[in-house]
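For reference, the structure is listed below as structure tokens.
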Amino acid sequence: MEMKCYPDVGALARGAAQFVVDWAREAVSLKGSFTFVLSGGNTPKPLYKTLSSIDYRKVMPWEQTHVFWGDERCVPKDHADSNYGMAYETMLKHLELPNGHVHRLPGETEPPEGGADAYERELKHFFASGHHGEPSPTSRSTERGFASFDLVLLGLGKDGHTASLFQGDAALEEETRWAVAVRNPRARPRVPRITLTLPLINEARCVMFLVSGEDKSQVIQAVLDDAGNPETAFPAARVRPKGRLLWYRS
Ligand code: 6PG
């Protein structure tokens with residue numbers, strides 16, 4: 001586990017953006033593509049604005065980058081609560097990602113279980129068909145059958161949830177599916193969600209928790225103290241990626 005602390009949200013955004021650029025460039029040099037899972041909520045907004053700013057646009061290999069979502073609220077994509085909508089407004093609309101590189105999680109699908117199934121099919125097709133550059137051990141589905149994303153960005157709720165994995169919800173215990181529906185999230189907005197599952201997240205080459213605010217300090221410490229404890233009450237403590245685990249915080 002690697003921890004980086006920054007004095008304010010601006011410095012956090014720049015530090016995280018620099019890591020994303022470096023990691024993306026390395027992935028592209030390794031296998032010709034970079035698979036980047038975006039997180040929702042408010043914390044990532046300064047990072048997304050920084051990544052789409054001219055200085056970072058020049059060095060970020062957006063042409064070879066595929067973006068995905070770690071979770072989505074079951075609302076239309078232009079709804080104020082949409083994680084896609086937030087990423088579009090803060091970043092994607094300023095970029096010209098090639099067609100087929102924005103893998104939106106269809107949160108508006110009814111029922112949510114249908115949206116989860118559709119996303120799982122899209123992910124499996126993407127990783128099976130070599131669209132992510134030259135197939136290589138790091139990008140082909142692993143022996144456990146899960147894809148390995150290059151970078152999964154995650155936020156942290158005050159209750160220790162991450163993505164839309166909430167304590168006590170069946171989604172947190174899912175061991176085979178890649179994406180599932182969450183009918184009763186324990187955090188606002190209290191709308192059904194679709195989330196990537198823990199085993200898929202843990203297959204990643206790198207997971208970055210991006211967290212800011214004094215009000216998250218206690219839960220960060222609780223999660224770190226419970227790291228790897230299967231009895232933990234904090235879902236984020238069960239994020240134990242095969243690759244690197246980073247905490248970028250301010
Ligand atoms: C979501 C996110 C969720 C978020 C945390 C932190 O869809 O809400 O995936 O896991 O990252 O709740 O949210 P803030 O960044 O708004 O504090």
Side-chain angles (χ1 to χ4, degrees), residues 6 8-10 12-13 16-17 20 36-51 67-91 103-109 112 115-116 119 149 151-169 171-172 174 178-198 200-202 204 207-220 222-223 232-239 241 245-250:
Y6 292 89
D8 54 58
V9 289
L12 174 64
V20 173
F36 184 16
V37 178
L38 302 179
S39 68
N42 295 304
T43 304
K45 290 178 181 174
L47 169 60
Y48 296 165
K49 288 174 183 168
T50 302
L51 280 172
V67 296
F68 306 82
W69 275 260
D71 72 324
E72 185 55 281
R73 290 79 176 270
C74 293
V75 295
K77 65 182 181 181
D78 57 358
H79 188 282
D81 286 336
S82 166
N83 286 336
Y84 166 83
M86 180 274 281
Y88 179 78
E89 287 301 323
T90 55
M91 178 168 67
H103 304 268
R104 185 176 70 85
L105 212 171
E108 71 282 2
T109 310
Y119 204 52
F149 287 106
L151 177 60
V152 176
L153 191 59
L154 291 175
L156 180 68
K158 289 179 192 160
D159 60 353
H161 82 260
T162 191
S164 281
L165 297 169
F166 298 95
Q167 186 59 17
D169 194 290
L172 183 60
E174 177 57 47
W178 290 22
V180 291
V182 177
R183 285 274 180 178
N184 303 295
R186 289 158 176 74
R188 299 187 188 295
R190 295 193 189 276
V191 295
R193 317 283 189 89
I194 297 172
T195 186
L196 298 190
T197 58
L198 206 50
L200 180 59
I201 290 169
N202 280 334
V207 171
M208 174 192 280
F209 276 102
L210 186 77
V211 192
S212 66
E214 196 49 44
D215 59 340
K216 298 274 180 81
S217 293
Q218 261 191 315
V219 66
I220 290 176
V223 168
T232 181
F234 306 109
R238 294 173 59 177
V239 173
L245 176 59
L246 311 177
W247 284 83
Y248 274 58
R249 56 177 298 190
S250 72

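These numbers were taken from a predicted model, which means no experiment stands behind them. Nothing fancy with the numbering, it's 1 onward along the sequence. Start at 1 and go down the list; that is how both ligands and their atoms are numbered. As a basis for the values below, the full set of heavy atoms in this structure was taken, side chains included, without hydrogen atoms, waters or symmetry mates.
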Polar atom proximity, [X] to ligand 1 (N or O, under 3.5 Å):
X	result
Arg73	yes
Asp71	yes
Ser39	no

Rounded distance (nearest 0.5 Å) linking atom CD of Glu72 with atom OG1 of Thr195
10.5 Å
Atom NZ in Lys216, atom CZ in Arg249: separation rounded to 0.5 Å?
11.0 Å
Does ligand 1 have a heavy atom under 4.0 Å from the side chain of [X], from its backbone, from both, or from neither?
X	result
Thr43	both
Leu156	backbone
Lys216	side chain

Would you check if [X] and [Y] make a side-chain contact, meaning some heavy-atom pair closer than 4.5 Å?
X	Y	value
Pro185	Ser164	no
Tyr248	Leu47	no
Ile201	Leu165	yes

Counting non-hydrogen protein atoms only, what is the nearest one to atom 13 (O) of ligand 1? Give residue, atom name and distance.
Gly41 CA, 4.1 Å
Protein heavy-atom partner closest to atom 5 (C) of ligand 1 - residue, atom, separation in Å
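Minimum-distance protein heavy atom for atom 5 (C) of ligand 1 reads His161 NE2, 3.6 Å.
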Which heavy atom in Ala17 sits nearest to a heavy atom in Thr50, and how many Å separate them?
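Closest approach of Ala17 to Thr50, heavy atoms only: CB-CG2, 3.7 Å.
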Yes or no: does [X] have any heavy atom under 4.0 Å from an atom of ligand 1?
X	value
Ala163	yes
Lys158	no
Arg193	yes

Closest to atom 16 (O) of ligand 1 by heavy-atom distance, out of Asp81, Leu153, Asn42, Leu38, is Asn42
Let's go through Tyr119 and Leu196 carefully: what are the C-alpha distance in whole Å and the side-chain angles of both, what is the deciding distance for side chain to side chain contact (heavy atoms under 4.5 Å, CB included) to 0.1 Å, and is it a yes or a no?
CA-CA 9 Å; Tyr119 204 52; Leu196 298 190; 4.1 Å; yes
Ligand 1 atoms nearer than 4.0 angstrom to some heavy atom of Gly155 are 11 (O)
Hey, which atoms in ligand 1 end up nearer than 4.0 Å to a heavy atom of Gly40?
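Counting atoms of ligand 1 from 1, those under 4.0 Å from Gly40 are 2 (C), 9 (O), 11 (O).
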Between Gln167 and Asp159, is the side chain to side chain contact (heavy atoms under 4.5 Å, CB included) condition met? List the steps.
CA-CA 8 Å; Gln167 186 59 17; Asp159 60 353; over 6 Å; no
Ring-face cation of Arg104 near Tyr84 (centre distance under 6.0 Å, axis angle within 45°):
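Relative to the ring axis of Tyr84, which defines the angle, Arg104 lies inside both limits.
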